[in-house]
Amino acid sequence: MRIDIISLFPDMFTGPLGHSILKRAQDNNLIFVQVTNPRDFTYDKHHIVDDYPFGGGSGMVMKPEPIFRAVENVVNAANSSNRRVVLMCPGGQPFNQAKARELASYEQLVLVCGHYEGIDDRIRQQVVDEAVSIGDYVLTGGELPAMIITDAVARMIPGVLGANDGAQHDSFYNGFLEYPQYTRPREFNGWEVPEVLLSGDHAKIETWRRKESLRATFVRRPDLLEGVELSPRDQKLLQEVKSEQAGG
Ligand code: 4FV
């Protein structure tokens with residue numbers, strides 16, 4: 001998968017893209033990530049990329065031409081019709097695991113990062129396929145959202161998380177929160193590891209994990225259970241959880 005990021009601050013991405021799983025994914029050519037600076041597509045002496053807002057008001061707005069040319073450049077470079085151009089903005093669709101999985105299905109993802117007061121709205125209207133928001137708060141730029149989306153999407157690419165591809169057990173992967181995880185030592189500060197996990201009984205362990213995933217979801221994110229069609233097995237496990245949580 002190719003991920004093109006359009007940003008005035010390419011150096012901001014060195015850290016997140018230069019370590020651990022994302023670095024290995026690039027080294028193994030599972031993903032190709034490139035940051036393109038719209039300023040490189042300005043031909044005036046001062047390489048202007050922003051200007052005062054029409055109609056007045058505070059702050060500066062990013063000009064449409066440099067961004068248009070930058071997007072055009074990476075689209076032509078990839079020459080793939082299977083692409084998605086996404087604008088990071090607070091007014092976009094909420095980003096979640098389902099969106100991450102959907103965006104991971106494209107050959108090329110172009111993530112457009114605004115800065116200052118935002119980008120001339122003709123880019124949102126005419127150039128991008130969709131706008132995505134990572135949350136109902138305002139950031140100084142779209143760079144952090146682009147890093148978050150790059151990370152979440154990359155994890156969905158086969159092989160990025162390694163052979164056994166742990167994404168299947170992710171929180172939200174099946175719509176529920178993940179079951180709790182433990183590792184050595186068996187006892188720490190007097191805090192024990194649930195006995196079942198040391199039993200070697202994989203069927204029992206799988207049932208315990210299913211039940212604890214339902215418990216975590218019921219206790220911490222009950223909204224995720226609303227309207228979900230549970231299997232008879234999950235209904236039984238959830239009933240046990242509810243009575244246990246009620247002190248039964
Ligand atoms: C944002 C968000 C966000 C708004 C103006 C960048 C800033 C500036 N992007 N989810 N929340 N963007 O706050 O995606 O251009």
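Both ligands and their constituent atoms are indexed starting at 1 by order of listing.
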Ignoring angles and geometry beyond distance, decide whether [X] reaches within less than 3.5 Å of ligand 1 through its nitrogen or oxygen atoms.
X	value
Ile134	yes
Glu117	no
Thr140	no
Val138	no
Gly135	yes

When rounded to the nearest 0.5 Å, the distance separating CG of Asn189 from CD of Glu187 is 7.5 Å

Measuring from atom CD of Gln239 to atom CG of Leu214, what distance do you get when rounded to the nearest 0.5 angstrom? 11.5 Å

Applying a heavy-atom cut-off of 4.0 Å, say which part of [X] lies close to ligand 1: side chain, backbone, both or neither.
X	answer
Cys89	backbone
Tyr116	backbone
Val132	backbone
Met62	neither

Which of the ligand 1 atoms, numbered from 1, are nearer than 4.0 Å to a heavy atom of Gly114: 15 (O)

Ligand-side contact atoms (ligand 1) for residue partner Met88, heavy atom cut-off under 4.0 Å: 9 (N), 14 (O)

So does Met147 get a backbone contact from the side chain of Asp151, meaning a donor-acceptor N/O pair under 3.5 Å? no

Let me know which of Glu178, Glu244, Glu240 forms a salt bridge (charged side-chain N to carboxylate O under 4.0 Å, His left out) with Arg215. Glu244

Check this for me: Phe218, atom CZ, are more than 12 non-hydrogen atoms of other residues, nucleotides or ligands nearer than 6.0 Å? yes

Over 12 foreign heavy atoms within 6.0 Å of CZ, Phe54: no

Tell me yes or no: between the side chains of Arg84 and Ser105, is some donor less than 3.5 Å from an acceptor? no

Starting from [atom], find the nearest protein heavy-atom neighbour and note its residue, name and distance.
atom	answer
atom 13 (O) of ligand 1	Leu139 N, 2.8 Å
atom 15 (O) of ligand 1	His115 N, 3.2 Å
atom 11 (N) of ligand 1	Tyr137 O, 2.9 Å

Can a salt bridge be assigned to the pair Lys99 and Glu102 using a cut-off of 4.0 Å between side-chain N and carboxylate O? yes

My understanding is that we take every heavy atom of each candidate and find the minimum distance to atom 3 (C) of ligand 1. Doing that for Gly118, Pro90, Pro145, which one comes out nearest? Pro90

Run the contact test for Leu144 against ligand 1 with a 4.0 Å cut-off on heavy atoms, strictly below, and give the result. no

Using 30° and 60° as the class limits, which term best fits the ring planes of Phe9 and His115: parallel, tilted or perpendicular? tilted

Of all pairs that satisfy side-chain hydrogen bond (donor to acceptor under 3.5 Å, both in side chains), the ones with a partner from residues 9-21, not counting sequence neighbours: none

